Amino acid sequence: MKRIYVNEKWCLGCRLCEYYCAFAETGKKNMALALKDVKINPRIRVESHEDINFAVNCRHCDEPLCVKSCITGALSVTDGVVKINSERCVECYTCILVCPFGAIVPSDSGVLKKCELCLDIIEGSPACVKGCPNNAIVYESTLVQKGQG
Amino acid sequence: MRYVIIGNSAAGIGAVEGIRQVDGQGVITIITSEREHTYSRPLISYLLQGKTDEDKMRYRPAHFYDDNNCTLVYGTVIQILPNEKQVALEDGSKIPYDKLLVASGSSAFTPPIEGLDTVKSKHHFMTLNDARNLKNAIARDSRVLIVGAGLIGLKCAEGILNKVGSVTVVDLAPRILSAILDEESAAIVQKHLENQGIEFKLESKAEDFGNYDIVVIAAGVRPNTALLNGIADINRGIIVNEKSETSHPDIYAAGDCTESIDKASGQRKIMALLPNAYMQGEAAGINMAGGDKACDKLIPMNAVGLCGLHIITAGNYTGEVLCKDNNRFFISDNKLNGYILIDNIEKAGVYTRLVREKRALEDVTEIIREALRA
């Protein structure tokens with residue numbers, strides 16, 4: 001299956017992916033209007049340390065610890081994609097406890113959020129991939145950075 | 001192949017999913033004495049709080065048993081007959097197995113407490129039925145005493161706090177959550193809960209039962225090991241290896257009834273946690289079906305929310321302590337032994353991985369120091 005991969009050599013640390021991610025779920029047309037004065041909870045986050053920048057999001061691990069650990073059954077795997085059913089999530093944060101990539105984040109609405117590859121919200125490549133100005137984020141089937149949970 | 005699974009909670013369900021990764025055909029029978037669809041035990045406090053309902057508490061969808069082509073039997077196993085390879089049920093019936101999993105969980109323990117026999121409304125807080133009974137018992141003006149300031153007692157306190165007159169938690173220990181928090185972090189959490197209206201009596205015996213309408217006994221649990229007495233090695237829990245095998249051939253065990261190796265400390269212990277139960281059960285299922293799966297990364301770890309305060313902990317609290325605000329890290333020999341995060345819990349899993357994999361990092365101390373400075 002296709003996954004999102006990030007090449008830290010090309011990541012500028014500009015954090016546009018975080019905004020594209022947050023914008024994608026609003027369903028609105030204009031990013032500036034949609035996100036003005038909004039505290040965003042993106043499901044991709046840029047980590048920076050000195051000269052190194054890289055964006056981190058869900059790896060859709062083959063052995064997803066978050067799914068195995070979820071106390072409610074809210075997390076499950078469908079066609080290789082780790083998905084969260086927000087109706088069943090009770091915000092226990094066990095997935096945050098176990099995700100080795102720190103890729104699951106709380107949101108203002110309470111329930112946990114994670115990258116679902118934009119499959120249900122936009123056509124084609126995920127929003128962070130489309131929006132990356134330096135092509136550091138790609139959407140492909142290569143296995144170079146496969147999650148190992 | 002005939003698989004029999006005793007227990008219908010996380011470990012048992014993990015086993016079904018493990019078996020079906022390898023064997024789509026074998027006959028799976030799950031036996032439960034609880035007479036419920038599989039449900040998430042930790043959700044019972046959320047049920048009292050009104051944050052979930054019995055339908056949403058199902059640990060797997062309603063069609064789970066059909067999807068996995070397995071049979072759920074309501075009944076109580078009274079004996080395992082390892083020579084005949086059968087389990088005997090209370091109703092006199094016997095079910096044959098080729099591979100057996102004991103995922104019998106644990107039971108609430110009632111310590112001998114003077115005066116407890118005078119209490120009319122006494123409860124445990126382990127099962128869905130316990131939660132239903134407590135829900136029916138409480139009233140707006142109930143004065144509730146909870147015996148035990150561990151996870152079960154405090155989740156119960158949170159669940160009923162806004163539905164009753166008063167909640168008092170009593171414990172012999174000098175601090176709350178003594179199994180997962182150190183002294184400093186326990187004090188922070190206790191203060192938060194006191195501000196929400198929970199009263200604590202620590203270093204105290206449970207007494208003066210006449211002052212309370214309802215008593216909840218949350219003084220600990222005991223692994224349900226009796227079925228394997230004289231059959232497999234048992235210490236405090238049923239002893240299993242990385243493959244979830246007991247010392248008896250073709251009998252596996254998983255979940256809260258077992259003892260296994262804590263990867264972080266190397267010690268054998270009971271780590272009665274839902275994620276560990278699922279992973280042990282899944283490994284058992286895969287191995288029962290002829291696959292090869294090691295479940296060798298278990299550590300003590302917890303994520304718990306109490307009245308809006310989130311606490312995440314993992315590993316063991318030995319070594320040098322580095323702390324900032326409410327976050328504490330325990331380090332020795334360039335390894336992260338454990339951590340306690342309160343409130344600021346983002347990316348906790350990155351630390352959990354360091355603990356679980358005992359990854360020695362030359363600069364782990366520097367990394368944590370840097371993170372704390374940020």
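A quick note: this is a predicted structure, and the numbers were derived from the prediction, not measured. Just so it is clear: chains get the letters A, B, ... in the order the sequence lines come, proteins before strands, and each one is counted from 1.
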CG (A:D79) with more than 12 external heavy atoms under 6.0 Å = no

inquiry  = Using side-chain heavy atoms (C-beta onward) and a distance below 4.5 Å, is A:R88 in contact with B:L43?
reply    = no

ask   = Rounded to the nearest 0.5 Å, how far apart are CG of A:L65 and OG1 of B:T352?
value = 9.5 Å

query = Heavy-atom distance under 4.5 Å to chain A: side chain of B:N302, backbone, both or neither?
reply = backbone

ask   = Looking at A:V105, A:T72, A:V98, which one has more heavy-atom pairs under 4.5 Å with chain B than the rest?
value = A:T72

message = At a 4.5 Å cut-off on heavy atoms, which part of B:V304 comes close to chain A: side chain, backbone, both, or neither?
response = backbone

ask   = Does any non-hydrogen side-chain atom of A:V56 lie less than 4.5 Å from one of B:K347?
value = no

inquiry  = Among B:A10, B:A348, B:G305, which residue has the highest count of heavy-atom pairs closer than 4.5 Å to chain A?
reply    = B:A348

remark   = Turns out that what part of A:C92 lies under 4.5 Å from chain B's heavy atoms comes down to both

query = Using non-hydrogen atoms only, which part of B:F64 is less than 4.5 Å away from chain A: side chain, backbone, both, or neither?
reply = neither

task = List the atom of A:L97, the atom of B:A314, and the distance in Å for their closest heavy-atom pair.
result = CD1-CB, 4.5 Å

ask   = Is there side-chain contact between B:M279 and A:E63, with at least one heavy-atom pair below 4.5 Å?
value = no

message = Is B:M301 in contact with chain A via its backbone, its side chain, both, or neither, using a 4.5 Å heavy-atom distance?
response = both

Cationic tip of B:R353 above A:F101 ring, under 6.0 Å, 45° of axis = yes

note = Here the pair of heavy atoms bringing A:C70 nearest to B:L274 is O-CD2, 3.9 Å

ask   = Under a 4.0 Å N-O cut-off, is there an ion pair linking B:E282 with A:K68?
value = yes

note = Highest number of heavy-atom pairs under 4.5 Å with chain B among A:S69, A:C66, A:C95 belongs to A:S69

Minimum heavy-atom distance between A:E91 and B:H310, given as atom pair plus value = O-CE1, 3.1 Å

ask   = Of the backbone (N, CA, C, O) and the side chain (C-beta and beyond), which part of B:Y46 lies under 4.5 Å from a heavy atom of chain A, both, or neither?
value = side chain

request  = Locate the shortest heavy-atom distance separating B:V350 from A:G102; write the atom from each residue and the value.
outcome  = CG2-N, 3.7 Å

Interface moiety of B:E17 toward chain A, non-hydrogen atoms closer than 4.5 Å = neither

More than 12 heavy atoms from other groups under 6.0 Å of OH on A:Y19 = no

request  = Measure B:R58 against the heavy atoms of chain A and call it side chain, backbone, both or neither at under 4.5 Å.
outcome  = both

query = How many angstroms lie between atom CD1 of B:I345 and atom OH of A:Y93, to the nearest 0.5 angstrom?
reply = 5.5 Å

